[in-house]
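This is a predicted model, so every value here is computed, not measured. Quick note on labels: first sequence line is chain A, next is B, and so on, each numbered from 1.
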There are 4 protein chains.
Amino acid sequence: MALTGGTEPRVRRAAVNLFADKGFHGTGIRELAQAANLSSASLYHYMGTKEDLLAGIMRDALTRLLDAAGEIAGSTADPRARLAKLVALHVCTHALRPAETQVVDNEVRSLSEPARHEVVRLRDAYEEQWALAISDGMAAGRFVAGDPGVTRRALLEMCSGVARWYSPHGALSLDDLAAQYAALALRALGCVDRASGADLATAGEIVARVWGLPS
Amino acid sequence: MALTGGTEPRVRRAAVNLFADKGFHGTGIRELAQAANLSSASLYHYMGTKEDLLAGIMRDALTRLLDAAGEIAGSTADPRARLAKLVALHVCTHALRPAETQVVDNEVRSLSEPARHEVVRLRDAYEEQWALAISDGMAAGRFVAGDPGVTRRALLEMCSGVARWYSPHGALSLDDLAAQYAALALRALGCVDRASGADLATAGEIVARVWGLPS
Amino acid sequence: MALTGGTEPRVRRAAVNLFADKGFHGTGIRELAQAANLSSASLYHYMGTKEDLLAGIMRDALTRLLDAAGEIAGSTADPRARLAKLVALHVCTHALRPAETQVVDNEVRSLSEPARHEVVRLRDAYEEQWALAISDGMAAGRFVAGDPGVTRRALLEMCSGVARWYSPHGALSLDDLAAQYAALALRALGCVDRASGADLATAGEIVARVWGLPS
Amino acid sequence: MALTGGTEPRVRRAAVNLFADKGFHGTGIRELAQAANLSSASLYHYMGTKEDLLAGIMRDALTRLLDAAGEIAGSTADPRARLAKLVALHVCTHALRPAETQVVDNEVRSLSEPARHEVVRLRDAYEEQWALAISDGMAAGRFVAGDPGVTRRALLEMCSGVARWYSPHGALSLDDLAAQYAALALRALGCVDRASGADLATAGEIVARVWGLPS
DNA sequence: GATGAATGAGGTTTCATTCAT
DNA sequence: CATGAATGAAACCTCATTCAT
């Protein structure tokens, strides 16, 4: 199931980077056109309004994330492994697609209805996978999580931060990054035994496939 | 040492809420004036440019945060207790001043030089207190932190998220919130013994004092 | 007959300099207030509107000039001497009061009716003295002037230019300046015999008296 | 070598007339748009800022004037004829292009750096041609000029005044105007013999050619 | 006298968008 | 496909001016 997303790639690529960098309201149409090597009038051949463009970006990114999470949830019974993979998925996605994820994380407020509602629904569905993993782990006596809602939010935000600073060209490999975050999350949940690194690779592969990235 | 902050309170209050809510570029001058019960021309009696207003807000908030962190660092030798208090400080600040903290966390990019540089310097000085607590704890063999820079960022982002959702009118008390985040952080750092909750109250008091809040 | 002019000297002095320097429309009220060491609200104790201020400045300067010209015309029968003195008067006034004269010369257009009309009337009355001197000289066979209107305008503009560049602190004395301009004008009018320098001193004295300047 | 000048003619034409008439600061953008039969937003298709427009006008006008002066200087050895032609050039330019020349003469102050510097440089280069003609004439014993700098300024200002009042629809022909000014200038310089009127026609032709005017 | 506070109108410039070519 | 031309609305900010204190 290919998720091409509709909009011309040049335009979407330019938009995602600019929206991530300067925010939706901080990005002008001409700026966008210039980044896409197009005149501002030509832009409108490839998109509806500026807001439609934003909505498309967010829907696309969230759908990919949700698909990946569903795949992990459907194939991983053990709550510890499942949560570790969700962490790896979230971290890898934010590391490899920092622009898209920052837009998703920061620009919901720039959407007006009904697009906002739809995006929020997707995001909630995605977070529900985290909620399930946490509650399953607590029910199984594996996790110590205090208020599970608080914990879920804390862990999600922790992982989302990656998009703000991680560079694939730096010293830290993506695998190590994912492993460290998984370890942090599991320890925070009270698991003293380590998570198996082997499983985390799966998450990285899913991310690559879902986004059409090499290897 | 009173930190009055300069700009007329009405204006600053309105600005901080709008900037937090809709972003700097998403907030218009007329909107701001209306929220401050002023004409848009009158606004300019109380501020320089819109960006000056933003810079003032950020400088003020970061200075308060930095002062509080310095106070904690100066009075708490044990790295575990120190980190727990820093977590409590960060969480309480984000819970009680969600508008200011979100502006600080999201709008650095909207600043142009030289204000940006100054704000970044303040933020770095603040994060340095976290870095010291973590490296002290690792040197003392109390923390297991993998790459300490990654850990620092992960924990900071985790705590910052509070500003996005916590409400003091909800079921969760501020003390419980701070305690849960401190527990999450210490466990993530590999401390299995619990942090003493007694100390955390100190952080709440500092926050209240530094921001001039009741109790 | 003292010509105090009404407006507080501080204000008028500041205004005249700014209007000369940046033009009427290029000068803001706050700028003016700052130059007069007053708040912009306080300005309005000393003046009506900004345009009233301009009109007052122009009326005052033109009245002084007109008085001086009348005095010269009334006391100098010979057209050559009369014109030489008018030149000296015009040049000295522009050299010693460059701000006032530039405002008079450049800002008539910034006046609206009825003030404009009044100022134009004064200016025309002043120029009439030049016209009389020239036509008297032609009638007496002393001047060769082609179209006398053209000549009058040419000579007036020639002399007015002094306000743009002459500095009393430079190498050229005021007397020399006046003498050179008088010589230029008389030669342009076809008088090959020199103008008597002694008379020109009279013009300088009149300027000083009319403007209340030392010596 | 065509000097088309860049900006859309409609806009430049409107601007030059308004700037001449009401001054740069006295001319509003909406006024300008209306005069160009454009909305104020559309104006910005054809220009950068209002100041860019002014700078373009001044650069263009000064370049034409400088070119013409260079041509005259290069082709006229005798200082008397040269000065007469420069006078004719200056007078004709001011008579035929009163708007452009008034803007050049009055609005240098409205320019900010670096445009101001550039314009001043052009103006100085132009005035240098006058300075050379005068000093050549003095060296050759043809001119009596007192302080040559004073004389240069006096003659230039005398001629510039034409833009303020001459109308090609009046009784005075352009040729007569130029001839009279040349005669005034040469007499002022102490030349009692008349300048040859034949040469002056050259100046008129150059002006027409340089500005793309008929005949 | 003097001024801080206030404002309606207007300043220049940019916005997202449309449409004829 | 692509774009230059065009625009109404709105952006931020400054204007000259008034008035209660």
* Nucleic acid contacts - residues 14-39 of chain A versus DNA chain E, non-hydrogen atoms under 4.0 Å -> A:T27, A:G28, A:I29, A:R30
Could you check how far [atom1] of [X] sits from [atom2] of [N], rounded to whole Å?
{"X": "D:L53", "N": "E:dT12", "atom1": "CG", "atom2": "P", "result": "12 Å"}
{"X": "C:K50", "N": "F:dT14", "atom1": "NZ", "atom2": "P", "result": "15 Å"}
{"X": "D:L43", "N": "F:dA9", "atom1": "CG", "atom2": "P", "result": "18 Å"}

What N/O pairs connect the protein and nucleotides 19-21 of chain E at under 3.5 Å? Give each pair on its own line.
none

Give, for atom [atom1] of [X] and atom [atom2] of [Y], the distance between the pair rounded to the nearest 0.5 Å.
{"X": "C:I57", "Y": "C:L62", "atom1": "CD1", "atom2": "CG", "value": "12.0 Å"}
{"X": "D:L18", "Y": "D:R13", "atom1": "CG", "atom2": "CZ", "value": "13.0 Å"}
{"X": "C:E100", "Y": "C:D105", "atom1": "CD", "atom2": "CG", "value": "11.5 Å"}
{"X": "D:L32", "Y": "D:N17", "atom1": "CG", "atom2": "CG", "value": "10.0 Å"}
{"X": "C:M58", "Y": "C:T63", "atom1": "CE", "atom2": "OG1", "value": "11.0 Å"}

* Asked: Are more than 12 heavy atoms from other residues, nucleotides or ligands located less than 6.0 Å from atom CD of A:Q34?
  -> no
* Crowding at CD, C:E51 (>12 non-hydrogen neighbours, <6.0 Å) ->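 More than 12 heavy atoms, drawn from other residues, nucleotides or ligands, come within 6.0 Å of this atom.
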* To do: Fill in the dot-bracket string of DNA chain F, one character per base: . for unpaired, | for a pair to another strand, ( ) or [ ] for pairs within the strand, taking Watson-Crick or G-U pairs under 3.5 Å.
  => .||||||||||||||||||||
* **side-chain contact (heavy atoms from CB on, under 4.5 Å) between A:R97 and A:L213, intermediate numbers included** => CA-CA 10 Å; A:R97 298 274 104 186; A:L213 304 174; 3.8 Å; yes
* Asked: Are D:E8 and D:L38 close enough that some pair of their side-chain heavy atoms sits under 4.5 Å apart?
  ->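 Contact flag for D:E8/D:L38 side chains = no.
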* Could you check if a side-chain atom of C:F24 sits within less than 4.5 angstrom of a side-chain atom of C:R109, using non-hydrogen atoms only? => no
* Asked: Going through the checks in order, is the side-chain contact (heavy atoms from CB on, under 4.5 Å) test met by B:Y44 and B:M47?
  -> CA-CA 5 Å; B:Y44 286 86; B:M47 57 180 239; 3.8 Å; yes
* **N or O in side chain of A:Y44 less than 4.0 angstrom from F:dT3 OP1/OP2** =>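 It does not, given that no N or O in the side chain of A:Y44 lies less than 4.0 Å from OP1 or OP2 of F:dT3.
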* Assign each of D:M47 and A:T49 to its nearest nucleotide of DNA chain E by heavy atoms, then name whichever residue's nucleotide is nearer the 5' end. =>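 Result of the comparison: D:M47.
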